[in-house]
Number of protein chains: 2
Amino acid sequence: MGWRILQNRMPYHSDPLDLAFHALSDPTRRAVISRLADGEVPVTVLAEPFDIALPSFSQHLRVLEECGLIASEKRGRSRWCRLITPRFEEATDWMITERRRWAGRLDRLEAYLDKTEGKGHEG
Amino acid sequence: MGWRILQNRMPYHSDPLDLAFHALSDPTRRAVISRLADGEVPVTVLAEPFDIALPSFSQHLRVLEECGLIASEKRGRSRWCRLITPRFEEATDWMITERRRWAGRLDRLEAYLDKTEGKGHEG
DNA sequence: CAAACACTAAGGCAAGTACCTTATTTTTGT
DNA sequence: ACAAAAATAAGGTACTTGCCTTAGTGTTTG
């Protein structure tokens with residue numbers, strides 16, 4: 001019945017999935033994720049391929065860190081970043097679950113069509 | 001070496017993956033995707049659970065449609081929406097590929113540690 | 001044909017985003 | 001102790017988003 005959602009005004013991205021997908025919607029941040037698959041990397045090295053100012057790049061890292069996709073640790077004067085996988089898994093799981101849902105529906109639809117088509121041929 | 005990215009200013013979300021993840025970063029839009037797994041639904045029915053004005057809801061549908069996650073068709077006075085799967089698959093594939101990349105790295109790391117640990121025990 | 005229905009267009013607003021530049025802080029290396 | 005390196009803080013600008021309201025445009029239905 002009336003299962004209302006989002007009754008009151010909320011910040012733009014509030015739940016973890018919102019934050020994760022928002023983080024992944026930027027090519028710079030996706031590239032960072034890709035790069036970190038290889039292991040830990042300090043900020044300057046991570047930033048090197050990108051043609052943006054370091055503070056701008058750091059903001060991207062902050063977005064990734066705040067939504068739990070990466071973690072970082074200061075060692076001496078540089079900060080090392082690494083991937084955190086569970087948040088990424090969460091987002092992936094959402095997508096896979098959705099995909100399974102519509103795949104399941106299409107399977108049932110196909111089964112139904114096969115059956116009715118069969119009856120059509122019989123009748 | 002200098003594989004520079006994003007040299008010139010670009011619109012916020014330019015490639016299909018940017019658009020898809022951006023679209024998925026909103027809970028209303030994710031709920032629409034979930035709902036459409038069941039099949040085609042007209043806008044008003046789709047909008048019913050949400051406590052926002054219809055024009056606001058329509059904007060969400062537009063975002064989903066413009067990035068290729070849904071399609072819609074006008075029949076009489078209502079517009080029917082349905083899922084479009086390839087764009088969703090694209091995004092899912094990106095995530096699965098990334099996951100495989102770091103899973104692979106962790107496997108190799110584990111193999112390496114096993115080997116060195118083995119040598120350590122032998123020596 | 002008029003009223004109701006299902007959107008759609010247009011315009012407005014507060015908040016958020018993605019960049020920037022210019023300090024400032026912290027940590028080496030000499 | 002001093003200069004260079006690696007961030008970080010602070011503040012600014014242009015654009016985007018997510019909502020709103022009000023006013024249309026077509027499409028049934030009585």
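Just so it is clear, the values below take in all heavy atoms, side chains as well, and ignore hydrogens, waters and symmetry mates. We name chains A, B, ... by the order of the sequence lines, and we start the count at 1 in each one. Remember, it's a predicted structure, so these values are computed and weren't measured experimentally.
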Side-chain donor/acceptor of B:H13 to backbone N/O of A:S25, under 3.5 Å = yes

Within-4.5 Å side-chain heavy-atom neighbours: [X] and [Y]:
| X | Y | answer |
| --- | --- | --- |
| A:R35 | A:V41 | yes |
| A:L54 | A:V43 | yes |
| A:I84 | A:L69 | no |
| A:L46 | A:F57 | yes |

Of the candidate nucleotides [options], which contains the atom at the shortest distance from the side chain of [X]?
| X | options | result |
| --- | --- | --- |
| B:R79 | C:dT8, C:dT21, D:dT8 | C:dT8 |
| B:D26 | D:dC19, C:dC20, D:dA6 | D:dC19 |
| B:H22 | C:dT22, D:dT21, D:dG18 | D:dG18 |

List in numerical order all residues of residues 61-75 of chain B for which some heavy atom is under 4.0 Å away from an atom belonging to DNA chain D.
-> none

Mind telling me whether B:F88 and A:W94 have parallel, tilted or perpendicular rings, with 30° and 60° as the class edges?
-> tilted

Considering heavy-atom distances to DNA chain C, does B:L54 or A:L54 have its closest nucleotide positioned more toward the 5' end?
-> B:L54

Hey, which of these two, B:Q59 or B:V45, hits DNA chain C nearer its 5' end, going by closest nucleotide?
-> B:V45

Spacing between [X] atom [atom1] and [N] atom [atom2], to the nearest angstrom:
| X | N | atom1 | atom2 | value |
| --- | --- | --- | --- | --- |
| B:I52 | D:dT17 | CD1 | C1' | 13 Å |
| B:D18 | D:dT16 | CG | P | 14 Å |
| B:F50 | D:dG18 | CZ | C1' | 14 Å |
| A:F21 | D:dT17 | CZ | P | 18 Å |

Name the nucleic acid region contacted by B:S56, choosing base, sugar-phosphate or nothing; use a 4.0 angstrom heavy-atom cut-off, strictly under.
-> base

How is A:P42 classified with respect to the nucleic acid when contacts are heavy atoms under 4.0 Å: base, sugar-phosphate, or nothing?
-> nothing

Side-chain heavy atoms under 4.5 angstrom apart, residues restricted to Ile, Leu, Val, Met, Phe, Trp, Tyr: same cluster for A:L61 and A:L36?
-> yes

Within less than 4.0 Å of OP1 or OP2 of D:dT17, is there a side-chain N or O belonging to B:H60?
-> no

Hey, what are the protein-to-nucleotides 2-5 of chain D N/O distances that come in under 3.5 Å?
| unit_1 | atom_1 | unit_2 | atom_2 | d |
| --- | --- | --- | --- | --- |
| D:dA5 | O4' | A:R77 | NH1 | 3.3 |

A:I96: which other cluster members, linking ILVMFWY side chains closer than 4.5 Å, directly or transitively?
-> B:I96

Nearest-0.5 Å distance that lies between atom CZ in B:R30 and atom NE2 in B:H60 | 11.5 Å

